[in-house]
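Throughout, a chain's letter reflects where its sequence line sits, starting with A, and its residues are numbered from 1. The figures that follow rest on heavy atoms only: side chains count, while hydrogens, waters and symmetry mates do not.
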Number of protein chains: 2
Amino acid sequence: MVYKIKFDQFFSYSFSMDCLIFGFSNGKIHILLVKRAMEPYGGYWAIPGDLVYPDEDLPHAAERILEELTELKNVVLRQGGVFGKPNRHPQGRVITNAYLAMVRMNETNPQPSSWVEELRWVPVDEVESLAFDHNEILTATYQRLKERFIHEPICFEMLPLKFTLNELQQLYEYAFGICIDKPNFRKRIKNLPLTELKERQENVKHRPATLYSFDWEKYKTLVKEGRFEFNMWL
Amino acid sequence: MVYKIKFDQFFSYSFSMDCLIFGFSNGKIHILLVKRAMEPYGGYWAIPGDLVYPDEDLPHAAERILEELTELKNVVLRQGGVFGKPNRHPQGRVITNAYLAMVRMNETNPQPSSWVEELRWVPVDEVESLAFDHNEILTATYQRLKERFIHEPICFEMLPLKFTLNELQQLYEYAFGICIDKPNFRKRIKNLPLTELKERQENVKHRPATLYSFDWEKYKTLVKEGRFEFNMWL
DNA sequence: AAGACTTATTGTATTTAATACTACAACTAA
DNA sequence: TTAGTTGTAGTATTAAATACAATAAGTCTT
């Protein structure tokens, strides 16, 4: 075997991990951003991310880095795309892997930590110029997220455990930029494994909506038995 | 900023690219495999792949490596997943990125080149033990491919330019392990932007089937105008 | 306590699409 | 002409999406 370049020279890359944390609040899908307290891109807002350790598995790195920067634990992270333009990092060849997660904003209290100076939830369509190629990473990952919304019940990971059907509808309306007829929406979702709770909204100045929860156990059972396939708008 | 490990130590990774080339022939989806003529895993069958150059963009690396090993050019490669278990490569920390492509097997003539000793198309459900973690990479990538079959007309990239409706049906039947009613199948696909050709099958010892082609131009126009959404079985 | 207001829910009529199945027409090779 | 395989048409049934109207259920104000 003959490499055009000596083999050892190839072990000169760095590999990083960016964690895109999405949440839903006030009818908008938000992304968690951090303000960098160091160079490069000091003072810039960025997606939380850092370098992977040499002997560390990727899922572990994603969890560790997220916790180090934001103190968030027990977040289910999934792999997204890879971004590896040779000049994307000013200090060398750093290839990065996006991991994404959905969280319930009302139960999530991220705190700036390590080299993070400040931390903010920003609606995805109001994000301005970010560090590195993070705008590109965000756009691609959010696009992927939306595609998953159609065939996987992952939106329930970002809705409160107890949510109203209007909130669910708003989430889909925001994600896909559409308006949905309310009565028809509710007919469609009555097939979903939702549990209607005995509780209602509180502290609202109109008729309180009934609260629902998503029954993950029932969902898994139905899917396993092949009796159900999640699908919102083909 | 304080790293737990000196920054330079992080620039000790290697990054590789694996190219999963899928084709369709005789009713089966095939994957292109190469026989390694060198260590590690000398003599093993593997997914064609190699190291990315330090200043090379990922899509470029995918095209270059595919051509170096198989002499295939002008193949549209798309990004798949990343595989980075610390011990997946015996010679160090090599993180790899899967790129995938569909090709028309009747127009494609890969030739073993560089360190490739031999080369073979293997039906995806008949692949045996491969080098490294390539079985895992194949399984994950093929799964993703099948998901894309449902919402993107990518299957037409692996069918001959002129194909019969039976071939199209067989492709979906193989991918999803199902049987489809022929009359109903044809009713469904009559919405697709297919062009019915004046030509027919030749050298068959039964009634020759009409040949069709997929009209990519029409497809793009329809999608752009929002008048069409590709969808085979929700 | 009545009425204004907002939201939640039910209902119906219509259209559209998926499904299962039957029958037969077309073409080649022997 | 016949056997074999492919292609096409049609129907009856079931299920789902859509548009729209109407009513019920709460909260707040007066």
Separation of A:Asp181 atom CG from C:dT12 atom P, in whole Å?
-> 17 Å
A:Lys187 side chain, from C-beta outward: closest of C:dG11, D:dT8, C:dA20 | C:dG11
Does B:Thr164 have a side-chain nitrogen or oxygen under 4.0 Å from the phosphate oxygens OP1 or OP2 of D:dG7?
-> no
Whole-Å distance between C:dC21 C1' and B:Ile180 CD1?
-> 17 Å
What nucleotide, of C:dA8, C:dA26, C:dT10, holds the atom closest to the side chain of A:Pro183?
-> C:dT10
Spacing between B:Gln170 atom CD and D:dT5 atom P, to the nearest angstrom = 14 Å
Can a donor-acceptor pair be found between the side chains of A:Asn166 and A:Arg186 at a distance below 3.5 Å?
-> yes
A:Phe228 vs A:Phe230 aromatic rings, parallel, tilted or perpendicular, using cut-offs 30° and 60°?
-> perpendicular
Which of C:dA8, D:dT27, D:dT5 is nearest the side chain of B:Arg207? It is D:dT5
To the nearest Å, how far apart are A:Leu165 CG and C:dT10 C1'?
-> 14 Å
Could you check how far CD of B:Glu202 sits from C1' of C:dC27, rounded to whole Å?
-> 14 Å
N/O (side chain, B:Arg188) to phosphate O (OP1/OP2, C:dT19) under 4.0 Å | yes
Can you spot which of B:Phe22, B:Trp121, B:Phe24 makes a side chain to side chain contact (heavy atoms under 4.5 Å, CB included) with B:Met105?
-> B:Trp121
Length of the CG-P vector between B:Leu211 and D:dG7, whole Å = 10 Å
Respond yes when some side-chain nitrogen or oxygen of A:Lys182 is under 4.0 Å from OP1 or OP2 of C:dA8, and no when none is.
-> yes
State whether A:Arg186 places a side-chain N or O below 4.0 Å from either non-bridging phosphate oxygen (OP1 or OP2) of C:dT9.
-> yes
Listed nucleotide nearest any side-chain atom of A:Arg200, set D:dG26, D:dT6, C:dA8 = D:dG26
Provide the closest heavy-atom pair for A:Ser114 versus A:Leu69 in the form atom of the first, atom of the second, distance.
-> CB-CD2, 3.9 Å
Counting side-chain heavy atoms from C-beta on, which of C:dC27, C:dT9, D:dT27 comes nearest to A:Thr210?
-> C:dT9
Whole-Å distance, B:Leu197 CG to D:dG7 P, equals 14 Å
Phosphate contact (D:dA19 OP1 or OP2) by A:Asn184 side-chain N/O below 4.0 Å = no
For the pair made of CG in B:Asn231 and C1' in C:dT16, what is the distance, rounded to whole Å?
-> 15 Å
Name the orientation class of the two ring planes belonging to B:Trp216 and B:Phe156 (parallel below 30°, tilted from 30 to 60°, perpendicular beyond 60°).
-> perpendicular
The answer to which of A:His206 and A:Asn191 contacts DNA chain D further toward the 5' end, by nearest nucleotide, is A:Asn191
